[in-house]
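One structure is given below, encoded as structure tokens.
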Amino acid sequence: MAALSKSIPHNCYEIGHTWHPSCRVSFLQITGGALEESLKIYAPLYLIAAILRKRKLDYYLHKLLPEILQSASFLTANGALYMAFFCILRRGLLTIYMANLATETLFRMGVARGTITTLRNGEVLLFCITAAMYMFFFRCKDGLKGFTFSALRFIVGKEEIPTHSFSPEAAYAKVEQKREQHEEKPRRMNMIGLVRKFVDSICKHGPRHRCCKHYEDNCISYCIKGFIRMFSVGYLIQCCLRIPSAFRHLFTQPSRLLSLFYNKENFQLGAFLGSFVSIYKGTSCFLRWIRNLDDELHAIIAGFLAGISMMFYKSTTISMYLASKLVETMYFKGIEAGKVPYFPHADTIIYSISTAICFQAAVMEVQTLRPSYWKFLLRLTKGKFAVMNRKVLDVFGTGASKHFQDFIPRLDPRYTTVTPELPTEFS
């Protein structure tokens, strides 16, 4: 910690905006690049969302552009104002020091310093715990609302929602009547129909507990169909994510199009989603058979076991994001119950602190930052974040220049307080 109290004589040009000596010009360059990238991100995002939601013409004429500009300006401010205040706070070493104290509490920082030992498959364990709580809230009445509830209902199916307005026996009779009417009408069998018929033929005489609400299927086919459905969804999602990169090489490397369909990650995501659903449904059915009742507490066990499916698609990002959203959900539930106080603008404060920590890591120890986020910062700033003079920051002991050993900024000696390391020619 003693190293963090040291001071260095360099100015903001020598450390931060090494590509140009003017603070104002550097700020405008960062702002322009950030705005351009923000529009590239949000314009297609809002347009696709509007099309999928079947917005009316009035939305496209009066609301679409303001929403795009609002989100783009928000993201632009993240990149531009950091550099602005880097120059304004010329005693920024104290700010860096205070932010560094905060980053030491983060897990990745602790691991990099050897103060925290990583847990093998820790992201899977975290996901198991998170999934258990999510599925419990999903099964409880008014436990989840909005998008989270709709997403889980899509993934695991409405059969696992405990609120039904009729008895299982009546519903079963109703489904049987519907099935008889359906069988009377001949229909052309497509590929999906053939697969469904094949699965039904395998599990035709399988058992179904009276508490199970999947009335059209027995417990075995219920789990198998759940796996096939979500495996297909995961596979297609991963294929769609790879389409832009595949088509960029359509003419130069046509063979890369095959990787769009036969990539390992496609099957990994499919196996993750498919096994999650099948394990959850299978465990729920098993517990209904064992206990002879349908209980919300079953969702805790079923959700935890289903979380093991992340072994197929390990992702710290997914685990951490879902865990954070779970904490947020529980916090708001505590507010509704009057158990915890409400803090105005808490989301703004948390976001500001989180942004400060991430930007601190991007300057002082890039090796602890998530690689995808570092690439995003480079894209947002047109690569400017990579040309900071991190060698002079090594005095703080964080290994700031660990990944930038070969970089020496081309500084104009007329604007520096310390003679540059190497003489530089300017045109």
Side-chain angles (χ1 to χ4, degrees), residues 1-23 26-27 29-30 79 81-118 353-426:
M1 297 299 294
L4 294 173
S5 63
K6 295 181 179 180
S7 61
I8 50 181
H10 304 77
N11 58 30
C12 56
Y13 166 52
E14 296 170 85
I15 300 176
H17 48 89
T18 61
W19 61 91
H20 199 284
S22 172
C23 298
S26 300
F27 169 73
Q29 290 176 344
I30 290 289
L81 293 181
Y82 179 82
M83 185 54 65
F85 281 99
F86 191 91
C87 297
I88 293 171
L89 300 173
R90 292 185 184 271
R91 292 185 305 156
L93 297 177
L94 179 60
T95 305
I96 292 175
Y97 166 65
M98 296 303 295
N100 196 60
L101 290 178
T103 59
E104 288 182 358
T105 63
L106 298 180
F107 180 78
R108 292 175 65 92
M109 302 282 183
V111 172
R113 291 165 174 78
T115 57
I116 297 177
T117 303
T118 57
I353 294 174
S354 301
T355 303
I357 291 173
C358 291
F359 275 65
Q360 161 71 13
V363 175
M364 299 297 294
E365 40 193 320
V366 177
Q367 61 273 14
T368 63
L369 199 63
R370 185 184 304 163
S372 59
Y373 187 71
W374 171 241
K375 291 179 181 178
F376 171 73
L377 289 180
L378 291 180
R379 178 184 172 188
L380 188 66
T381 60
K382 295 293 185 179
K384 297 292 193 301
F385 231 135
V387 295
M388 297 183 73
N389 191 6
R390 290 175 169 82
K391 284 195 173 183
V392 300
L393 300 176
D394 284 339
V395 66
F396 294 108
T398 60
S401 66
K402 183 177 181 179
H403 295 311
F404 307 90
Q405 293 294 329
D406 297 330
F407 173 73
I408 298 177
R410 296 170 58 87
L411 300 175
D412 189 339
R414 295 175 297 174
Y415 301 97
T416 62
T417 57
V418 177
T419 304
E421 182 178 344
L422 292 175
T424 308
E425 297 180 0
F426 291 87

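These numbers come from a predicted model, not from an experiment. Both backbone and side-chain heavy atoms feed into the values below; hydrogens, waters and symmetry mates do not.
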remark   = Sorted by chain and residue number, the salt bridge (Lys or Arg N to Asp or Glu O under 4.0 Å) partners of R379 (sequence neighbours excluded) come out as E37
query = How many angstroms lie between OG in S401 and CZ in F407, if you round to the nearest 0.5 Å?
reply = 11.5 Å
request  = Just jot down the side chain to side chain contact (heavy atoms under 4.5 Å, CB included) partners of S26, sequence neighbours excluded, or say none.
outcome  = H17, W19, H20
message = Quick check: do L393 and M364 have side-chain heavy atoms less than 4.5 Å from each other?
response = yes
query = What is the distance from atom OG1 of T368 to atom CD of Q360, rounded to the nearest 0.5 Å?
reply = 9.0 Å
request  = Quick one: do N389 and T18 satisfy side chain to side chain donor-acceptor pair (under 3.5 Å)? Show the steps, please.
outcome  = CA-CA 7 Å; N389 191 6; T18 61; over 6 Å; no
message = I need the minimum non-hydrogen distance between R390 and V366, along with the two atoms involved.
response = NE-CG2, 3.9 Å
ask   = Which residues pass the side chain to side chain contact (heavy atoms under 4.5 Å, CB included) test with F376, sequence neighbours left out?
value = I41, L75, Y373, L380
query = Residues two or more places apart in sequence or in another chain: which of them pass ring-ring contact (aromatic ring centres under 6.0 Å, His included) with F359?
reply = Y82, F385
ask   = Between atom CD of Q405 and atom CG of D394, what is the distance when rounded to the nearest 0.5 Å?
value = 7.0 Å
